[in-house]
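Report on one structure; see the data block that follows.
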Amino acid sequence: METTANASLADLWDRVFGTQAAPEQWLVIAAGVAALAVVVPHGIWRLARNAITIAHEGGHGLVALLTGRRLDGIRLHSDTSGLTVSRGKPTGLGMILTAAAGYTAPPLLGLGGAALLASGRITAFLWLATALLVAMLVMIRNAYGALTVVLTGGTFLVVSWLASTDVQAAFAYAVVWFLLLGGVRPAFELQSKRRRGGAGDSDADQLSRLTHVPAGMWLFLFHAVSLCSLMGGGRWLLDV
């Protein structure tokens, strides 16, 4: 019995953390085209942006915990906005890093995902994403947010556990392309809102008040992180 259990655990470990063969190049390109088709059209983007908001608010929450702040909760709203509430010193490095983590989280997650896929760890990426979503669910404080995270996490779980290798690869590459491409658009949207006089309490404006650095410089940082992540992650995915 013990031998069988150990063998099962070994099989599970190999299934999750083992490497898988790289998919055909056409599949990687097709996944990127599909992600682009979701990010560019306004109507589809309005719905898909919920996934970017999950990563955005999750970034705030994770960095808040890592810097010693107390995370009170996360809310996700149907208009694709979100709110992460943490307690701690209202100024200082911890608060600055927490505020800066939102817009940078989706592209950096995409970059990390690209690194995993480039090393052949497709299933590991899917399971890690599922674990992060489960951890985030604990801190969700509204029904819409809980529903969004459950549906997203459930999709990752079903694909990682039941889907074939080819389907897992296609899904994983599409998700990473979406994080990389979708991580670029929000900074441009924020820039446009600020140009029209809106978004006065955005992450960039909060960072400006915390650091006395112009909000435009923080917007430049958001652009730099997202575009550099897209270029670096894209090279890893395409293996060029």
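Listed by chain and number, the residues in a salt bridge (charged side-chain N to carboxylate O under 4.0 Å, His left out) with R209 are D201 (sequence neighbours excluded). With sequence neighbours excluded, no residue satisfies salt bridge (charged side-chain N to carboxylate O under 4.0 Å, His left out) with R75. Taking L151 as the reference, L147 meet the side chain to side chain contact (heavy atoms under 4.5 Å, CB included) condition, with sequence neighbours excluded. Scored by the side chain to side chain contact (heavy atoms under 4.5 Å, CB included) test, V158 finds L162 as partners (sequence neighbours excluded). Residues meeting the side chain to side chain contact (heavy atoms under 4.5 Å, CB included) test with L36, sequence neighbours left out: V40, L181. Listed by chain and residue number, H77, D79 satisfy the side chain to side chain contact (heavy atoms under 4.5 Å, CB included) test with S81 (two or more places apart in sequence, or in another chain).
Residue pairs meeting the side chain to side chain donor-acceptor pair (under 3.5 Å) criterion with at least one partner in residues 60-71, sequence neighbours excluded, are H56-H60, H60-D203, R69-S86. Identified under the ring-ring contact (aromatic ring centres under 6.0 Å, His included) test for residues 204-234, with sequence neighbours left out: Y103-F222, F188-H223. For residues 82-100, the pairs satisfying salt bridge (Lys or Arg N to Asp or Glu O under 4.0 Å) are D72-R87, with sequence neighbours left out. Contacts classified as salt bridge (Lys or Arg N to Asp or Glu O under 4.0 Å) and involving residues 177-188 (residues at least two apart or in different chains) are given here: R185-E189. Residue pairs meeting the side chain to side chain donor-acceptor pair (under 3.5 Å) criterion with at least one member in residues 134-150, sequence neighbours excluded, are N50-Y144.
The only option from I96, T98, D205, L93 that meets the side-chain contact (heavy atoms from CB on, under 4.5 Å) definition with L210 turns out to be I96.
L230 and L238 fall within the same hydrophobic cluster, defined by Ile, Leu, Val, Met, Phe, Trp and Tyr side-chain heavy atoms under 4.5 Å apart, directly or through other members. By the rule that hydrophobic residues join a cluster once side-chain heavy atoms approach within less than 4.5 Å of another member, V39 and V28 end up as members of one cluster. A continuous path of Ile, Leu, Val, Met, Phe, Trp and Tyr side chains, each step under 4.5 Å between heavy atoms, connects V33 with V38, placing both in one hydrophobic cluster. Taken together through direct or relayed side-chain contacts under 4.5 Å among Ile, Leu, Val, Met, Phe, Trp and Tyr, L128 and V159 form part of one hydrophobic cluster. Both W45 and L179 are members of a single hydrophobic cluster when ILVMFWY side chains are connected at heavy-atom separations under 4.5 Å.
Here the CZ-CG distance, from R121 to L126, works out to 14.0 Å after rounding to the nearest 0.5 Å. Atom CG of L237 sits about 11.0 Å away from atom CD1 of I29, to the nearest 0.5 Å. The distance from atom CG of L71 to atom CG of L65, rounded to the nearest 0.5 Å, is 5.0 Å. If you take CE on M139 and CD1 on I74, they are separated by 6.5 Å, rounding to the nearest 0.5 Å. The line from CG of L47 to OG of S78 is 11.5 Å long, rounded to the nearest 0.5 Å. Rounded to the nearest 0.5 angstrom, E57 CD and I140 CD1 are separated by 8.5 Å.
Counting only heavy atoms from C-beta outward, the side chains of S208 and V213 never approach each other to under 4.5 Å. Taking the side chain as every heavy atom from C-beta outward, S202 and R194 approach each other to under 4.5 Å. Using a 4.5 Å heavy-atom threshold, the side chains of I52 and F178 count as touching. Within the 4.5 Å cutoff, side-chain heavy atoms of V176 are placed close to those of F125. Residues W161 and W127 have side chains in contact (heavy-atom distance under 4.5 Å, counting atoms from C-beta outward).
Across all non-hydrogen atoms, the minimal contact from T80 to T53 is O-OG1, 2.6 Å. W177 and A31 get closest at one heavy-atom pair: CD1-C, 3.7 Å. Here the closest heavy-atom approach between residue M136 and residue I54 is recorded as CE-O, 3.4 Å. In this structure, P90 and M95 approach most closely via the heavy-atom pair O-CG, 3.5 Å.
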Item checked: CA sep, side-chain torsions, deciding dist, call: F171, I122, side-chain contact (heavy atoms from CB on, under 4.5 Å) -> CA-CA 10 Å; F171 179 77; I122 296 171; over 6 Å; no
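Side-chain atoms of T123 and Q168 include a donor-acceptor pair closer than 3.5 Å.
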For a quick test of your reading: what N or O donor-acceptor pairs under 3.5 Å do the side chains of residues 104-117 make, sequence neighbours left out?
from	atom 1	to	atom 2	distance (Å)
T104	OG1	A100	O	2.9
T104	OG1	A101	O	3.3

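In this structure, the side chain of Q20 does not engage the main chain of T165 through any donor-acceptor pair within 3.5 Å.
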